[in-house]
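See below for the structure under consideration.
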Amino acid sequence: MGKSLMPEVGSLAWAPLSAIDEVEIFDRYNGVPTLGVIKAHGGAHLYWRAFGYTGDFSLWLYVPLSPEDLASVEQDEGAGILDQIVFRSPRRRYVTVGVAHRHRLIFEREWALPPGLEQNQVLEPVASFAIEALTIAAKQSLPASRRELVRRAKEAVKELVSC
């Protein structure tokens, strides 16, 4: 299993590193990639815009793929891609949660995705983690503009959860 992807703040959410070998796009919303695979540094990661398809803020998951996961994804490339990787995963997976503003990453943190979550059970733990991480970040000594963006991102994630 590959290591978690550490996206670079300021990068496009679907191309979160400055050195990417390949970006495969399996789905788009209003022309923006929302689901696919990133290949970089000898590994592959699934990227998924989990929440926030309208508005300025969105939550993204970056999931390291084993060779078996990658083979499964490349065979499917449809609605079932997330099965057994994000939904109903047989094991805990260490992923990266990213928060984007206008498609550019403004925040990222590693997180342990619990095993066995059904599709309708993913929002709450991902959003709770993001809110907690953003709350901690907002208390740090950040430049004023960054602190305001983190505060707004936290409020946007709370709003996503309430919908």
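Under the ring pair (Phe, Tyr, Trp, His ring centres under 6.0 Å) rule, Trp48 has a single partner from Phe87, Phe26, Tyr53, Tyr29, which is Phe87. A side-chain contact (heavy atoms from CB on, under 4.5 Å) with Val157 is found for exactly one of Ile131, Val97, Val126, namely Ile131. When the options Gln119, Gln121, Glu118 are evaluated for a side chain to side chain donor-acceptor pair (under 3.5 Å) with Arg88, the one that passes is Glu118.
Side-chain contact of Ser72 with Asp69: a donor-acceptor pair under 3.5 Å is absent, judged by distance alone.
The distance from atom CZ of Phe51 to atom CD of Glu159, rounded to the nearest 0.5 Å, is 14.5 Å. Atoms NZ and CG, on Lys154 and Leu149 in that order, are 14.0 Å from each other to the nearest 0.5 Å. How far OG of Ser128 is from NZ of Lys158: 11.0 Å, rounded to the nearest 0.5 Å.
A salt bridge between Glu155 and Arg152 is absent, with no side-chain N of the basic residue lying under 4.0 Å from a carboxylate O of the acidic one.
In this structure the side chain of Tyr62 reaches within 4.5 angstrom of the side chain of Pro7, judged on heavy atoms. Side-chain atoms of Trp14 and Arg49, non-hydrogen and from C-beta on, never get closer than 4.5 Å to each other. Using a 4.5 Å cut-off on side-chain heavy atoms (C-beta onward), Val86 and Arg93 make no contact. With a 4.5 Å cut-off on side-chain heavy atoms, Leu105 and Glu8 do not count as touching. Considering only heavy atoms from C-beta on, Tyr47 comes within 4.5 Å of Val23 through its side chain.
For the residue pair Leu113 and Ile85, the shortest heavy atom distance occurs at CD2-O, 3.9 Å. Minimum interatomic distance between Ala153 and Val99 (heavy atoms only, all atoms of both residues): CB-CG1, 3.8 Å. Nearest heavy-atom pair across Val150 and Ala137 is CG1-CB, 4.2 Å. Nearest heavy atoms, Ser66 versus Arg91: OG-NH2, 4.5 Å. Smallest separation of non-hydrogen atoms from Val95 and Pro64: CA-CD, 4.3 Å. Listed here is the closest heavy atom pair of Pro125 and Leu117: CG-CD1, 4.0 Å.
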Donor-acceptor pairs under 3.5 angstrom involving side-chain atoms of residues 32-41: please list them, not counting sequence neighbours.
from: Thr34; atom 1: OG1; to: Asp27; atom 2: O; distance (Å): 3.3
from: Lys39; atom 1: NZ; to: Glu24; atom 2: OE2; distance (Å): 3.2
from: Lys39; atom 1: NZ; to: Glu74; atom 2: OE2; distance (Å): 3.0

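Tracing side-chain contacts under 4.5 Å through hydrophobic residues (I, L, V, M, F, W, Y), one never reaches Leu142 starting from Ile136; they form parts of separate clusters. Ile20 and Leu12 fall within a single hydrophobic cluster, where Ile, Leu, Val, Met, Phe, Trp and Tyr are joined by side-chain heavy atoms under 4.5 Å apart, directly or via other members.
Judged by distance alone, the side chain of Arg147 and the main-chain N or O of Ala138 form no donor-acceptor pair under 3.5 Å.
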